[in-house]
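Working notes, beginning with the structure itself.
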Amino acid sequence: PSFQIGSYVFTGYAFFYLVLGTVLASYLLCRLLVNSAFGKVLLAIREDALRTETLGYDIRVRQWLAFVLAAALSGLSG
C-alpha cells in the first residue's frame with residue numbers, strides 16, 4: 001500500500017519530496033545538535049566520560065538522551 005497521512009496519499013514525486021524533506025530536516029537538526037553545547041558535552045563524554053563527570057556533568061542523563069535521539073532517528077528511518 002502507498003504511504004498515507006490522513007486522507008492524503010503520497011505516491012510518485014510527492015513521496016520522493018516527502019522523503020527528501022525528512023532527510024534534509026533530520027540532517028540539519030543533527031548538525032545543529034552536534035554544534036550546540038549539548039553536542040560538545042556528548043563529544044566530551046565520548047572522549048573521556050570520567051573527566052566529564054568530574055567536571056560536574058550528569059553523564060547518565062546525557063547518555064540516555066543521546067540513546068533516545070538515536071532511537072527516534074532509527075524509528076523514523078523505518
Side-chain angles (χ1 to χ4, degrees):
S2 299
F3 184 73
Q4 182 177 351
I5 297 178
S7 63
Y8 189 76
V9 178
F10 291 92
T11 59
Y13 287 115
F15 183 70
F16 171 76
Y17 289 124
L18 174 70
V19 171
L20 181 66
T22 303
V23 168
L24 287 175
S26 298
Y27 175 75
L28 291 175
L29 288 174
C30 285
R31 293 296 300 169
L32 286 173
L33 177 71
V34 167
N35 292 327
S36 70
F38 180 74
K40 302 295 183 194
V41 173
L42 288 179
L43 177 65
I45 291 172
R46 184 188 72 188
E47 296 299 323
D48 191 355
L50 182 61
R51 178 181 64 194
T52 307
E53 191 172 25
T54 304
L55 289 173
Y57 294 102
D58 186 7
I59 65 170
R60 306 290 183 267
V61 171
R62 285 173 172 83
Q63 286 175 333
W64 179 77
L65 286 173
F67 178 78
V68 169
L69 289 171
L73 279 175
S74 65
L76 180 65
S77 69

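What you see below is based on every heavy atom in this structure, not just the backbone, and it leaves out hydrogens, waters and symmetry mates.
- In this structure, Ser7 has no side-chain contact (heavy atoms from CB on, under 4.5 Å) partners at least two apart in sequence or on a different chain.
- Remark: Val61 pairs with Asp58, Leu65 by the side-chain contact (heavy atoms from CB on, under 4.5 Å) rule, at least two apart or across chains.
- The nearest pair of heavy atoms linking Ala71 to Ser74 is O-OG, 2.9 Å.
- Residues satisfying the side-chain contact (heavy atoms from CB on, under 4.5 Å) test with Thr54, not counting sequence neighbours, are Leu50.
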Donor-acceptor pairs are to be reported for all side-chain atoms of residues 29-46 against protein atoms at under 3.5 Å, with residues two or more places apart or in another chain.
from: Asn35; atom 1: ND2; to: Arg31; atom 2: O; distance (Å): 3.2
from: Ser36; atom 1: OG; to: Leu33; atom 2: O; distance (Å): 2.7
from: Ser36; atom 1: OG; to: Phe38; atom 2: N; distance (Å): 3.4
from: Ser36; atom 1: OG; to: Gly39; atom 2: N; distance (Å): 3.3

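- In this structure, Glu53 contributes its side chain and Leu55 its backbone to no donor-acceptor pair below 3.5 Å.
- Taking Ile, Leu, Val, Met, Phe, Trp and Tyr as hydrophobic and joining them when side-chain heavy atoms fall under 4.5 Å apart, one finds Leu18 in a cluster with Phe3, Ile5, Tyr8, Phe10, Phe15, Val19, Val23.
- Tyr13 pairs by the ring-ring contact (aromatic ring centres under 6.0 Å, His included) definition with nothing, not counting sequence neighbours.
- Under the 4.5 angstrom side-chain criterion for Ile, Leu, Val, Met, Phe, Trp and Tyr, Leu73 has no cluster partners at all.
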